[in-house]
Amino acid sequence: MSETSERSGASLKSERPVRGKADQGGRSSALMVNSVEKAFRVLSAFGRQHQTLNLSQVASETGMDLSAAQRFTHTLTQLGYLHKDAETKRFELTAKTLDLGYHFIRSSRLVDRAMPYLMHLSKETEETVNLTMREGTEIIFVSRFLSRHVLNTDVIIGTRMPAYCTAPGIAMLSRLPEDEAMAVIDASDLKAYTPSTTWQRDALREKIRQAAAQGFATAFEEVYLGDASIAAPILDHRGRPEGAVNVAASCSRYSREEVVARFSSLIIAAAHAISRV
């Protein structure tokens, strides 16, 4: 996902839907602590679309009544995760919310293992290099080395994008059994972000098969105009994808053929070195 590109007219979803009282498999769980789920629901209500919220808006965004919203915002303010403006009475996230992301980055074995190879790839290519992971139908950027060619970007660590229209997403799906990969596609909100987006089911199946055969995936202007991306999957000890490494560049500087010729062997080698198979 290149930084030199102009964002397309269609916007990406920046917030995850509330899962409700269920475990990761979608099953009801007797062990679920509802108050913890509600606290995270409040924190997740904030984002680019909602940088600040008043109490009524928090209640509306989270599906809580005013009394519950007041208790949770007060608690989170006391803990230092929310700040309440004394004049406007509006809440906003504090820098303390970055702690969870920081602890993930410092404790992730994948990030730790990948770091030297990402740094080397960044120096070798002089382009933007990303490490991503998949959660459900989305990819998440967990490490990022920017190119000196950066002009502007919406993509930062923690950014989510649909797996089906990104090179890292297709690369990871290509190393799953096909029925499992297509289940992810079927669960996705398929639509065209640009005229170049591959979003129809049969075309995506073919793209996944092609990525499996060649060992890497590409995406050209599928989410951002002017963006060229090429990615290879990182495998765990069972041979399943646990992440992907990708190089992102500008279509104004490379043709599609040049992207593949210049970067495919480099990203495959980096992904293989990071993998645990």
Between the side chain of E124 and the main-chain N/O of L121, is any donor-acceptor distance below 3.5 Å?
no

If you round to the nearest 0.5 Å, how far is OH of Y164 from CD1 of I208?
12.5 Å

Any side-chain heavy-atom pair of Q57 and H50 under 4.5 Å:
no

Evaluate R41 against E37 for salt bridge (Lys or Arg N to Asp or Glu O under 4.0 Å), listing each step before the verdict.
CA-CA 6 Å; R41 204 191 305 174; E37 185 270 333; 2.8 Å; yes

Run R240 and E180 through salt bridge (Lys or Arg N to Asp or Glu O under 4.0 Å) and show every step you take.
CA-CA 12 Å; R240 291 181 61 85; E180 191 175 338; 2.5 Å; yes

Mind jotting down which residue pairs meet the ring-ring contact (aromatic ring centres under 6.0 Å, His included) criterion with at least one end in residues 246-275? Sequence neighbours excluded, please.
Y254-F263

For the CZ atom of R201 and the OG atom of S188, what is their distance to the nearest 0.5 Å?
11.0 Å

Checking V223 against T166 for the side chain to side chain contact (heavy atoms under 4.5 Å, CB included) test, could you report, in this order, the C-alpha distance in whole Å, the side-chain angles of both residues, the deciding distance, and whether it holds?
CA-CA 7 Å; V223 178; T166 58; 4.3 Å; yes

What distance do F104 atom CZ and I140 atom CD1 have between them, rounded to the nearest 0.5 Å?
7.5 Å

Residues in side chain to side chain contact (heavy atoms under 4.5 Å, CB included) contact with L66, at least two apart in sequence or another chain
L55, S56, A59

Not counting sequence neighbours, list each pair that qualifies as a side-chain hydrogen bond (donor to acceptor under 3.5 Å, both in side chains) and has a residue in residues 102-120.
R113-E242

For F40, look at atom CZ and say whether over 12 heavy atoms of other residues, nucleotides or ligands are found less than 6.0 Å away.
no

If I take atom OG from residue S255 and atom CZ from residue F220, how far apart are they, to the nearest 0.5 angstrom?
8.0 Å

Decide salt bridge (Lys or Arg N to Asp or Glu O under 4.0 Å) for R160 and E135; before the verdict, give the C-alpha distance in whole Å, the side-chain angles of both, and the deciding distance to 0.1 Å.
CA-CA 9 Å; R160 291 170 174 267; E135 183 177 88; 2.8 Å; yes

Between Q200 (side chain only) and D202 (backbone N and O only), is there a donor and an acceptor less than 3.5 Å apart?
no

Given salt bridge (Lys or Arg N to Asp or Glu O under 4.0 Å), test E222 with K207 step by step and report yes or no.
CA-CA 13 Å; E222 296 214 13; K207 192 167 187 178; 2.4 Å; yes

Output for pair (T194 OG1, L225 CG), nearest 0.5 Å, gives 6.0 Å

Evaluate the side-chain proximity of I267 to T125: yes if any heavy-atom separation is below 4.5 Å, no if none is.
no

Go through the structure and list residues passing salt bridge (charged side-chain N to carboxylate O under 4.0 Å, His left out) with D236, not counting sequence neighbours.
R238

Contacts of N54 that satisfy side-chain hydrogen bond (donor to acceptor under 3.5 Å, both in side chains) - sequence neighbours left out
none

Atom CD in E221, atom OG in S229: separation rounded to 0.5 Å?
12.5 Å

Would you confirm whether K84, through its side chain, and T73, through its main-chain N or O, come within 3.5 Å as a donor-acceptor pair?
no

Can you name the side-chain hydrogen bond (donor to acceptor under 3.5 Å, both in side chains) partners of T75, sequence neighbours left out?
none

Can the positive tip of K38 be found less than 6.0 Å from the middle of the six-membered ring of F72, inside 45° of the ring normal?
no

